[in-house]
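Just so it is clear, the structure is predicted and the values come from calculations on it, not from any experiment. Sequence lines set the chain letters: A, B, ... in the order given, protein chains first and strands last, and positions in each chain run from 1.
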Amino acid sequence: AQKITQTQPGMFVQEKEAVTLDCTYDTSDQSYGLFWYKQPSSGEMIFLIYQGSYDEQNATEGRYSLNFQKARKSANLVISASQLGDSAMYFCAMILRAGNQFYFGTGTSLTVIP
Amino acid sequence: KAGVTQTPRYLIKTRGQQVTLSCSPISGHRSVSWYQQTPGQGLQFLFEYFSETQRNKGNFPGRFSGRQFSNSRSEMNVSTLELGDSALYLCASSLGGHPNQPQHFGDGTRLSIL
């Protein structure tokens, strides 16, 4: 069963605008972690931001913020002031406390338009 | 500090051969995970090692195997290669003790089967 769902295969955003990438997850565990990764065309996976299931405040890391809505089981990534270098694939991932396996979504391809 | 190092970066093999990929984790990281990434299937979890023991295993045939050494370096072996094994193989390391620890990825090994 799909544990992480990213419904947007591709997104476009104008440079300097904000963009939201959607992620929903499925688990009955109470303790879990949510992550976002960026994968440029060169292939490396870059860790962006983390949100714990017990964290009450939304995580922020520079221009990245995670809009965590626990009741809706969503963990959307918000990128503010988009830059051309933000063009990449973005993956949402979850790890359950009960295990050590990361579950990845299918990714969203973001293109920033000058 | 040095990141996750995967060798080789590129590899070309023919059907029926076997291959060994190497991964050196970030210093101090004891957990190493392997993923297969293909355009059609996305990121698929292969297995995870922690302190030389396989803790988790994905849904791959027995042709895919791995091991971890006492210095946390890990190798992945694929025997009797098939055309469908062509993929980017990513290794990721983490401290491994808590679900709030992100996995840090290497640049991957791109394996092509002719």
Side-chain angles (χ1 to χ4, degrees), chain A residues 1-10 23 25 27 29-55 57 59 61 64 66 68 75 77 88-109, chain B residues 3-6 8-11 23 25-26 29-51 53-60 66 68 87-112:
Chain A
Q2 185 72 285
K3 288 190 180 291
I4 296 284
T5 302
Q6 294 179 255
T7 58
Q8 306 154 312
C23 172
Y25 58 93
T27 182
D29 287 20
Q30 296 301 306
S31 181
Y32 49 88
L34 297 160
F35 301 81
W36 277 92
Y37 286 85
K38 171 184 177 183
Q39 187 178 40
S41 56
S42 51
E44 75 270 29
M45 294 281 279
I46 302 165
F47 165 68
L48 295 177
I49 195 166
Y50 161 83
Q51 179 84 40
S53 58
Y54 291 116
D55 295 340
Q57 300 220 343
E61 287 287 347
Y64 304 108
L66 200 153
F68 180 48
L77 177 70
M89 282 290 289
Y90 288 81
F91 291 92
C92 179
M94 175 174 67
I95 188 170
L96 304 177
R97 183 170 183 82
N100 295 285
Q101 176 179 341
F102 268 62
Y103 299 91
F104 281 86
T106 52
T108 295
S109 175
Chain B
V4 178
T5 304
Q6 288 188 250
R9 287 297 310 277
Y10 302 93
L11 207 49
C23 173
I26 291 172
H29 284 191
R30 296 166 65 190
S31 169
V32 174
S33 297
W34 289 89
Y35 297 87
Q36 181 195 67
Q37 187 178 27
T38 59
Q41 299 294 322
L43 268 159
Q44 296 192 88
F45 172 75
L46 281 154
F47 29 66
E48 185 245 356
Y49 286 87
F50 182 83
S51 293
T53 301
Q54 187 181 88
R55 284 200 302 194
N56 287 284
K57 188 176 189 304
N59 190 26
F60 275 81
Q68 187 180 34
L88 178 67
Y89 289 88
L90 290 165
C91 164
S93 76
S94 72
L95 290 169
H98 193 276
N100 72 346
Q101 295 155 4
Q103 293 190 337
H104 297 273
F105 285 79
D107 291 342
T109 293
R110 196 167 292 279
L111 176 63
S112 298

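One distance of note links CZ of A/Phe104 with CG of B/Leu90; it measures 8.5 Å at 0.5 Å rounding.
In this structure, the portion of A/Gln39 lying under 4.5 Å from any heavy atom of chain B is its side chain and not its backbone. Proximity to chain A (any heavy atom under 4.5 Å) is restricted, for B/Gln37, to the side chain, taken from C-beta onward.
For B/Arg9, the side chain to side chain contact (heavy atoms under 4.5 Å, CB included) partners two or more places apart in sequence, or in a different chain, are B/Asp107. Scored by the side chain to side chain contact (heavy atoms under 4.5 Å, CB included) test, B/Thr38 finds B/Gln36, B/Gln41, B/Ala87 as partners (sequence neighbours excluded).
The only member of A/Phe91, A/Phe102, A/Tyr103 that meets side chain to side chain contact (heavy atoms under 4.5 Å, CB included) when paired with B/Leu43 is A/Phe91.
At a threshold of 4.5 Å between non-hydrogen side-chain atoms, the residues B/Gln103 and A/Phe35 do not count as touching.
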